[in-house]
S.K.: 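Handing you this structure, nothing more for now.
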Amino acid sequence: MSDRALQAIRGMNDILPEAIAPWHFLEKTFRRLAKSYGYGEIRLPIVENLELFKRTIGEVTDIVEKEMYAFEDRNGDWLALRPEGTAGCVRAGIEHGMLYNQIQKVWYQGPMFRHERPQKGRYRQFYQVGIEAFGLAGPDVDAEMILMTARLWRELGLENKITLQLNSLGSTASRQAYRDRLVEYFNQHLDGLDEDSQRRLSSNPLRILDSKNPAMADLIAKAPNMLEHLDDDSKAHFQGLCDLLDSAGVTYTVNPRLVRGLDYYCYTVFEWVTDALGSQGTVCAGGRYDGLVAMLGGATTPAMGCALGLDRLVLLMGEEAYAEPIHAYLIHVGEAAKTQALNLAEELRDKLPGLRVQCHLGTGNYKNQFKKADKSGTRVALILGEDEMAKNEITVKYLREEKAQTSLGLQQAMALLESMIQEENAS
């Protein structure tokens, strides 16, 4: 057996207690927001049949060819850790009869997995929230989903750090016509394509437009414009979306080079991007995928969805402002008080829902307990000793404010703690 210390797999990171506060705030804010827009939560498996992703994402994409964690189980079935959530959500919708002739609005969250080279904001295990709407063909659901994410940025205080880019891939027919024109153009400039782009030319030429190779920037800039190859229906859908966003006061940039990395997108595609995270600038992306349900064996169903990268959003948010220190740290002096302290802490939790109180456990003299109370970040220390027990009181010492230490009856102490909870909820 190796003596080497066991460590987390590279790119699969622990999120420690001191760093969890912004995650909780983000998840709580999104959950409330999703409910306000009529989206219900669905919980999906992390492991799916490998074939699901081959059929939906495309066998010649980087995800399937290079990045997926796939394995054969003991039954001989080929399975995969999910690299994205939409395919599993559609599979669940078909399997449970949720999509036929119905409107469904659902969301999910959890880890996704891709074997990439880890860097800041790009990990092998990363966390996403997915939003999916089925059964709505018009641009209104596209607009609502974008408005919903815009509201989330405002509530997180990120609206000045994130900008919106829009494009349309058009209908299946117009996308195919544009694809043919693009292949013709790049075939005339094969010497200017890097190895990846030459490979994509026969499999997924639209992805060439998404290349980050600076040597190809001029060639890509001169490529045929996707928006100039839309059919009338696609133009009307995109114009309808733009009109709705204009009416709502949403600022956006039309980017005709914007494509999504998965094969199933059509019509609207969008990305919310930031320049504050270096090369990993996309924090939310999505679009329409009207053909995906039928591709997996369901009835033809219009659909719209997007995914939010929680890791990147937390990096944007920072950690400091979201910490939730305990309201009170309960210090005890003497054996009798030590026994009573646990009962008192339970009574406070019973009568004050939302109170975060930590009772000192284990050994430690009076001075040591105060040090731990201060380190916890609590606003007040509650002191219970023989004198307090005899008088049925609690001594309150303020650790973050210039206020005198005071002794209060139990009801007065509870009123003080309740006011702290109310003050926090109002802020």
S.K.: State whether Arg349 and Glu346 are salt-bridged, where the test is any N-O pair (Lys NZ or Arg NE/NH1/NH2 against Asp/Glu carboxylate O) under 4.0 Å.
M.R.: yes

S.K.: Judged by atom type as modelled, is there a donor-acceptor pair below 3.5 Å linking the side chain of Thr56 to the main-chain atoms of Leu52?
M.R.: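 Such a contact is found between Thr56 side chain and Leu52 backbone.
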
S.K.: Are side-chain heavy atoms of Leu241 and Asp140 found at a separation under 4.5 Å?
M.R.: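 Of all side-chain heavy-atom pairs linking Asp140 with Leu241, none is under 4.5 Å.
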
S.K.: Ignoring hydrogens and geometry beyond distance, is a side-chain donor-acceptor pair present between Thr29 and Glu155 at under 3.5 Å?
M.R.: no

S.K.: Do Ser376 and Gln358 have side-chain N/O donor and acceptor atoms under 3.5 Å apart?
M.R.: no

S.K.: Within a strict 4.5 Å, meaning less than it, do heavy atoms of the Val90 and Thr301 side chains meet?
M.R.: no

S.K.: Locate the shortest heavy-atom distance separating Leu156 from Tyr322; write the atom from each residue and the value.
M.R.: O-OH, 3.4 Å

S.K.: Identify the heavy atoms of Glu388 and Ile383 that sit nearest to each other, and give their distance.
M.R.: CG-O, 3.5 Å

S.K.: Answer with yes or no whether the side chains of His360 and Tyr329 bring together a donor and an acceptor at under 3.5 Å.
M.R.: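 The answer is yes; a qualifying pair exists.
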
S.K.: Is it true that Arg379 and Glu423 make a salt bridge, defined as a side-chain N closer than 4.0 Å to a carboxylate O?
M.R.: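 Answer for the salt bridge query: yes.
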
S.K.: What are the two closest heavy atoms between Leu330 and Ala341, and how far apart are they?
M.R.: CD2-O, 3.3 Å

S.K.: Which residue is it: Arg31, Lys105, Arg32, Lys35? I am looking for the one with a salt bridge (charged side-chain N to carboxylate O under 4.0 Å, His left out) to Glu41.
M.R.: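 By the salt bridge (charged side-chain N to carboxylate O under 4.0 Å, His left out) criterion, Glu41 pairs with just one of Arg31, Lys105, Arg32, Lys35: Arg31.
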
S.K.: Considering only heavy atoms from C-beta outward, does the side chain of Leu384 approach that of Val333 to under 4.5 Å?
M.R.: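 No, every pair of side-chain atoms sits at 4.5 Å or beyond.
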
S.K.: Hey, does the side chain of Asn75 reach the backbone of Asp77 with a donor-acceptor pair shorter than 3.5 angstrom?
M.R.: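 A pair under 3.5 Å: no.
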
S.K.: Looking at side-chain heavy atoms only, is the closest gap between Tyr123 and Arg114 below 4.5 Å?
M.R.: no

S.K.: Take atom NZ of Lys235 as the centre, draw a 6.0 Å sphere, and report whether it contains more than 12 heavy atoms from other residues, nucleotides or ligands.
M.R.: yes

S.K.: Atom SG in Cys242, atom NE2 in His237: separation rounded to 0.5 Å?
M.R.: 10.0 Å

S.K.: Is a side-chain donor-acceptor pair under 3.5 Å present for Thr149 with Trp272?
M.R.: yes

S.K.: List the steps and the verdict of ring pair (Phe, Tyr, Trp, His ring centres under 6.0 Å) for Tyr127 and Trp23.
M.R.: CA-CA 10 Å; Tyr127 295 86; Trp23 290 84; 5.5 Å; yes

S.K.: Distance only, no hydrogens: is a donor on one side chain within 3.5 Å (strictly under) of an acceptor on the other, for Gln165 and Thr253?
M.R.: no

S.K.: Check this for me: Tyr100, atom OH, are more than 12 non-hydrogen atoms of other residues, nucleotides or ligands nearer than 6.0 Å?
M.R.: no

S.K.: To the nearest 0.5 Å, what is the distance between CD (Gln340) and CG (Leu342)?
M.R.: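 Atom-to-atom, Gln340:CD and Leu342:CG are 9.5 Å apart.
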
S.K.: Under 3.5 Å, is there a donor-acceptor pair between the Asp246 and Tyr252 side chains?
M.R.: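 Yes - a donor-acceptor pair under 3.5 Å links their side chains.
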
S.K.: Would Tyr69 and His115 count as a ring pair (Phe, Tyr, Trp, His ring centres under 6.0 Å) here? Give the steps.
M.R.: CA-CA 7 Å; Tyr69 284 95; His115 191 279; 5.5 Å; yes

S.K.: Out of curiosity, Thr339 OG1 to Met389 CE, how far, rounded to the nearest 0.5 Å?
M.R.: 8.0 Å

S.K.: How about Gln102 and Phe134: do any of their side-chain heavy atoms sit closer than 4.5 Å?
M.R.: no

S.K.: Salt-bridged, Arg200 to Asp194, with N to O below 4.0 Å?
M.R.: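 No, no charged N to carboxylate O under 4.0 Å.
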
S.K.: Looking at Ser168 and Thr268, would you say the former's side chain and the latter's main chain have a donor-acceptor pair under 3.5 Å?
M.R.: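 It does not hold such a pair.
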
S.K.: So does Ala223 get a backbone contact from the side chain of Arg257, meaning a donor-acceptor N/O pair under 3.5 Å?
M.R.: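 Yes: the side chain of Arg257 pairs with the backbone of Ala223.
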
S.K.: If you take all heavy atoms of Cys89 and Ile42, which pair is closest and at what distance?
M.R.: SG-CG2, 4.4 Å

S.K.: With a 4.0 Å cut-off on N to O distance, would you call Glu51 and Arg91 a salt bridge?
M.R.: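 Here Glu51 does not pair with Arg91 in a salt bridge, since their nearest N and O are not under 4.0 Å apart.
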
S.K.: Look up atom CG in Asp311 and atom CD in Gln128, then write down how far apart they are to the nearest 0.5 Å.
M.R.: 9.0 Å

S.K.: A side-chain contact here means heavy atoms from C-beta on lying under 4.5 Å apart; do Leu147 and Val250 qualify?
M.R.: yes

S.K.: Before accepting this row, confirm whether a basic side-chain N of the pair Glu116/Arg124 lies closer than 4.0 Å to the acidic partner's carboxylate O.
M.R.: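 The answer is no: the pair does not qualify as a salt bridge.
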
S.K.: Between the main-chain N or O of Phe113 and the side-chain N or O of Arg82, is there a donor-acceptor pair closer than 3.5 Å?
M.R.: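 A pair under 3.5 Å: no.
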
S.K.: Please check this pair: side chain of Tyr289 against backbone of Gly287, looking for a donor-acceptor N/O pair closer than 3.5 Å.
M.R.: no

S.K.: Any donor-acceptor pair under 3.5 Å linking the side chain of Asp14 with the backbone of Leu16?
M.R.: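 The answer is no, because no donor-acceptor pair under 3.5 Å joins these two groups.
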
S.K.: May I ask you to check whether Asp233 and Ser171 show a side-chain donor-acceptor distance below 3.5 Å?
M.R.: no

S.K.: Starting at OG1 of Thr395, measure out to CG of Leu408 and round the result to the nearest 0.5 Å.
M.R.: 8.5 Å

S.K.: For the residue pair Asn225 and Pro256, establish whether any side-chain heavy-atom pair is separated by less than 4.5 Å.
M.R.: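 Counting from C-beta outward, Asn225 and Pro256 do come under 4.5 Å.
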
S.K.: So Leu136 and Pro302, do their side chains get closer than 4.5 Å, heavy atoms only?
M.R.: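 Heavy-atom side-chain distance check fails, nothing below 4.5 Å.
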
S.K.: Check whether Thr274 reaches the backbone of Ala276 with its side chain - one donor and one acceptor, N or O, closer than 3.5 Å.
M.R.: yes

S.K.: CH2/Trp153 to CG/Asn160 distance, rounded to the nearest 0.5 angstrom?
M.R.: 14.0 Å

S.K.: I'd like to know if the side chain of Ser234 reaches the main chain of Gly170, judged simply by a donor and an acceptor atom lying under 3.5 Å from each other, with no hydrogens or angles considered.
M.R.: no

S.K.: Could you verify whether a donor N or O on one side chain and an acceptor N or O on the other, from Asn167 and Asn255, lie under 3.5 Å apart?
M.R.: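 Distance-only check fails for Asn167 and Asn255.
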
S.K.: Among side-chain atoms of Arg175 and Tyr265, is any donor-acceptor pair under 3.5 angstrom?
M.R.: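 Side-chain D/A pair, Arg175 to Tyr265: absent.
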
S.K.: With salt bridge (charged side-chain N to carboxylate O under 4.0 Å, His left out) as the test, would you mind laying out the steps for Asp374 and Arg400 before giving the verdict?
M.R.: CA-CA 9 Å; Asp374 188 46; Arg400 301 287 179 268; 2.8 Å; yes

S.K.: Regarding Asp243 and Gln239, is there a side-chain donor-to-acceptor distance under 3.5 Å anywhere?
M.R.: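 Result is yes, a qualifying pair exists.
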
S.K.: For Thr86, does its backbone N or O pair with a side-chain atom of Tyr108 as donor and acceptor, under 3.5 Å?
M.R.: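 A pair under 3.5 Å: yes.
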
